[in-house]
Amino acid sequence: MADPRSGGSLRYSQDVAVEGMWHARIVRSPYAHARVVSIDGSALPENTVLLTPDDVADLSMYGCQIRDEAVLSRGEARFVGDPVAVVAAPTRRLADAALALVEVDYEELPAVFGIEDAVADGAVLVHERHHVSENDAAYFGIRPVDGSNVCHRFRIRHGDVEAGFAQADVVVEETFTTDGAAHVPMEPHATLARWTDDGRLEVWSGTQTPFNVRMDLAAIFGVDQSRVRVVCPPMGGSFGAKTFVRLEGLAAATARKAGRPIKMVLDRAEEWQTLNRHPSRITVRLGAKADGTLVAKTVTCHADTGAYADCGPGVAQKMGFAAPGPYRIPNVHVDSHCVYTNAPPNGAYRGYGQMQSIWASERTMDIMADRLGIDPLELRLKNLLREGDAYATGEVMHDVAFEECLRNAAEAIGWNEGREGKGLCVLMKGMQTPSRASVAVDALEDGTYRVRCATVEMGQGARYAIRTMAAELLGVGVDDVSFPDPDTDVSPYDTRTTSSRSTHMMSRALVEAVRNLREDGRTGVGEVADQGGLDPDTGQGIASSHWHQGAAGAVVEVDEETGSMKVRHVHASVYAGKVVVRAAAELQNEGSIIMGLGTSLFESIDFADGQVMNANLSDYNVPSITDLPRITHDLVEREGAPVHGLGETALPPIPAAIGNALQSFGIRPRSLPMTPERILDAIDERDAQAGTRELEAAE
Amino acid sequence: MTGAATHWHAPRSLREALDLREDYGDETVVVAGGTFLGVLINNGVLAPEAMLSLRDVPELRRIEIGRELTLGAMVTHREVENHPEVRRLWPALAHMFSLVASPRIRNRATVGGVLADADYASDPPSMLAALGARVVLEGPRGRRELPVEDFILGLYETAIGSDELLTSVVVPGGHEAAVYRKFRTRSHEDRPCVSVAAARHSGRLRVVVGAAAMQPQFFPDVCGMGASPREIADEYAGRIDALSDARGSAEYRRRVVAVEVRRAIEETHHG
Amino acid sequence: MNCTLHLNGTETALGVDGKDMLLNVLRDEVGLTSVRGTCGIGLCGTCTVIVDGQTTASCILPVGLADGKEVTTIEGVPSDDPVKVAFEKANAFQCGYCTPGMILTARAFLDENPDPTDDEIAEALAGNICRCGCYVKIADAVRLAAGMLRDEKVAA
């Protein structure tokens, strides 16, 4: 049977259509912070509907972790692009035309941009108070600091860092930054909402989080969750962009006013105003003995979450708990903060905060190796976590594969044949914890089986992997197992399709579901729940019930006159435990590496006073096929090991591996992306320091 | 996207096209390959009430090769890039066209269109200017020719009169050497941060820098001073009023100009 | 204006505004959802169609310029076409959103260059973005398809 993808017949979220639907466009604030004085729709033709704040005054605030968002900003727009009204018309073209006819008066207010200004004394406050959400995405002890722009702070307190640094022979301290980045799923955000005759809300939406969306929609409209249905057609990519409530509240509120179904599909430029990746600033202080034994580490992280928290607190938390890195360090303090600014919201992005802290921490390892005069591979091997070691959170590590991955990466790039232009990185990355997954398997009358599962398909191949695992357990062919679109009315609860958890969690839930099906004959439901979580004040507990492990190596060349860098080869080694569908696992590895190359080399959102200056694919570049170096990778498997998630493990180590390859030339990049301009600055810095040293030697 | 349907003029001869242009002037938007125009319409920058399509004007599709190369305004980038004689006699020109955007865009983008758009980050203007190419404009007052560097007046601004059409570009032949260097800072598919075209004809050097400022940068007095490649490059870097965008800051661009101009001139010695 | 497209071998007469983009006409008027918009500036390749044998960005092609032309979308490529088959064999997609544009681009390219080098394959596909990052396997698919097409020719 031909694959619907090669024939073009696969229908995505944007292709969903129902009888009588209208199309809606969002009127957005042109100011980063402004009071909405008035909205005038008098120029609109007949056959249009205008949704204004008055129409949504009865609706509740929402937010998956902090309840800081309203359906349409209530009189106050907090970023360039903040929705202030919605217009709907019978066709997309008429809606486009109507959009231009809505007049809004604003009174501009002072705004705050960038982490430094947002945490400064007397900073403009984006929100006065921070209300923790009731949504089950707000599970981890959120610690907002009222009266500041910090909506969550997370700490790890492990050992005594002062005593640790006192033992150190060498201490290095560096500050690293990462720019904002866009997810750029090929299919834009798309949602259709309608109210049934009996007052139920039905939403078809490209989302990774159907149950979280249902929870927030129920809260917004003040109805029981059973009165809301969320269906998830396949997505043309997401990478974290399509998580939590995005267009669903706006579409539902407009449908309520219009009395008809409402479809919303974003324009490409609006993607940059919808959700991006957190810019970050991370300071690492690392102490080691002369023999390379790490003795103390402090990490201070700030993640810029933009004007609404979204899942920024969770991102800051994972940024924090990945910061110690896969090493035995007896004394570790981490302070991670999620900070509001008047930028578009930042949220989940493949790697979820951990790319940023891995970049900072693994770059610091090579700076330390240089200072100690120890080979960077040896320094890592000396300190790596091994089976049964405790991490900085106190949890004991099992099924550990860091060394194997790191050695594979080193070997692949020919580490022992000279290390000029070569760099390494090893990483650990957490999975959503705690979390719960359930799945149902039905025996159908025609002898085939149906999986009811809320895991969504966004290109990662989860449906095929889950069908494959079910078929194996059922002893039938994959084609005898169907997997309809996730639907909160019929799919059992699942936390969400994020953090590379679905194949791992569902592999376990399916065992029970199939066992129960055998007993019942018609239907079997399986459920697994992973406990855990961290004390937000000490960072002690279980950060992740299951750690993603991997390493990368890179080989680069630099044109030292222009700073232009050519990446020759990248290798990623990823611990898979057990591979379910080999081609899909390879595609996830390759895709992660390629996205990591974009992050490393040129992906950057260019802001000017909160306005995105490069909200199109000419001014914001993503990797094309001609940008690829030689790409190799390996999947580490072990006899009897469980299925490990691997949807994003190969992304976070790429930037640091490339940065460390530059370090081998004495070039010390500290900011992502490593543009030629920044590399040239780092070359100047190196040469200036060499000049100073020569002068000193001469004196 | 809205309002009344566009009036679509599709002349079938150059005479007819010139008459329509004279009659309607700038009220009617001239469309060649449509690649830039489509972007402007999608972005809502342009909502033309009438369009003058040059698609079916055969005179504008000619490639004529003699001592000089004449490219009709409607000749596509791909046609230049793949033309065996152009590749043999004007290899740098053919190579430069092959570096523009993707094959899909080059299939439609035209020689006349890219010059009339006068976008600072386009590849062809600097190369054509370095080769000493002339733009041919036709209108009710007849035919006139302008060097490319005089034709482009600024960003999106050219010397085309509201009753004129750009009908062809004439490129001199017989260069001793010509090179095009496209310096990118991001994706290989990105437009240039800085481009340098350099050509030698009858012993005379012409160096034109593209993408670094709002229009191609050419300093004949610097090229003619008989200085070393490094000196010329430093002079270019000093004189160019560079711009900043997502591809690089003004300061960075000046540094790249100093390197890339030197390398381009050196290549003309070796090429 | 009245516009006639020879769409996948069928003469299709449409009443359109000449400045409407071919992409919107194909999606909204003809109902071909295989032709997909992403960037709106001709850069990413998801909207690629073949017009008179040449790949074209339908998102920026005013439909007036397509009047009277042969337009081929993925529906016009038979399901046993070697390029389609090769993409499936090589697992050269994840979300599949860019796939029709990729296949059409590869199809037109292999017609021009039946025995390409790896660099030529990359240059040909450079303007087609796959954010899932399937490029390694897409290049495999095009190599595989080139071989299949050459074998077909030999057999014929």
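Chain letters run A, B, ... following the sequence lines, proteins first, then strands; residues in each count from 1.
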| message | Taking side chain as everything from C-beta outward and backbone as N, CA, C, O, which of these in L10(A) sits under 4.5 Å from a heavy atom of chain C? Side chain, backbone, both or neither. | response | both
| field | Winner by heavy-atom pair count (cut-off under 4.5 Å) against chain C, out of G236(A), P234(A), S624(A) | value | S624(A)
| request: Just give me the residue among I41(C), V35(C), I138(C), D28(C) that pairs up with chain A most often, heavy atom to heavy atom, under 4.5 Å. | output: I41(C)
| Point-to-point distance, once rounded to the nearest 0.5 Å, from CD of E187(A) to OG1 of T38(C) | 8.5 Å
| request: Starting at CZ of R268(A), measure out to SG of C39(C) and round the result to the nearest 0.5 Å. | output: 8.0 Å
| Closest heavy-atom contact between D3(A) and E88(C)? | N-OE2, 3.2 Å
| Sidechain-backbone polar pair: Y97(C) side chain, G237(A) backbone, donor-acceptor under 3.5 Å | no
| From CG (D15(A)) to OG (S34(C)), nearest 0.5 Å | 9.5 Å
| For R11(A), is it the side chain, the backbone, both, or neither that has a heavy atom closer than 4.5 Å to a heavy atom of chain C? | side chain
| message | Just so I understand: if I count every heavy-atom pair under 4.5 Å between each of A126(C), G45(C), C130(C), G127(C) and chain A, which residue has the most? | response | A126(C)
| field | Greatest number of heavy atom pairs closer than 4.5 Å to chain C - which of I594(A), L587(A), N616(A), T626(A) | value | L587(A)
| message | Using a 4.5 angstrom heavy-atom cutoff, name the option from E586(A), Q460(A), R92(A), R350(A) with the most pairs to chain C. | response | E586(A)
| Closest non-hydrogen atom pair, C95(C) against M235(A) | CB-O, 3.6 Å
| task | Between chain A and each of T33(C), D81(C), V85(C), D80(C), count heavy-atom pairs under 4.5 Å; write down the option with the most. | result | T33(C)
| query | Which bit of M458(A) is near chain C, if near means a heavy-atom gap under 4.5 Å: side chain, backbone, both or neither? | reply | backbone
| Looking at A269(A), S6(A), A583(A), which makes the most heavy-atom pairs under 4.5 Å with chain C? | S6(A)
| note | Under 4.5 Å to a heavy atom of chain C? For P623(A) that would be both
| request: Please look at F239(A) and chain C and tell me whether the side chain, the backbone, both or neither of the residue comes under 4.5 angstrom of a heavy atom of that chain. | output: side chain
| NE2/H183(A) to CZ/R131(C) distance, rounded to the nearest 0.5 angstrom? | 9.0 Å
| message | Please check: side-chain N/O of Y135(C) versus main-chain N/O of E590(A), any donor-acceptor pairing under 3.5 Å? | response | no
| message | Please identify, among S9(A), G598(A), G591(A), the residue contributing the most non-hydrogen atom pairs under 4.5 Å to chain C. | response | G591(A)
| Are the side chains of L617(A) and I129(C) in touch, meaning some heavy atoms are under 4.5 Å apart? | no
| message | So which residue, G101(C), A122(C), A139(C), ends up with the most heavy-atom pairs under 4.5 Å with chain A? | response | A122(C)
| How long is the gap from CD on Q94(C) to CD on Q588(A), to the nearest 0.5 Å? | 5.0 Å
| Side chain, backbone, both or neither: which part of L125(C) has an atom under 4.5 Å from a heavy atom of chain A? | both
| message | How long is the straight-line distance from CG of N91(C) back to CZ of R582(A), given to the nearest 0.5 Å? | response | 12.5 Å
| said: Regarding R93(A) and D20(C), does a basic nitrogen lie under 4.0 Å from an acidic carboxylate oxygen? | reply: yes
| message | Let's test your reading of the structure: which of M102(C), K137(C), R27(C), E75(C) forms the most heavy-atom pairs below 4.5 Å with chain A? | response | K137(C)
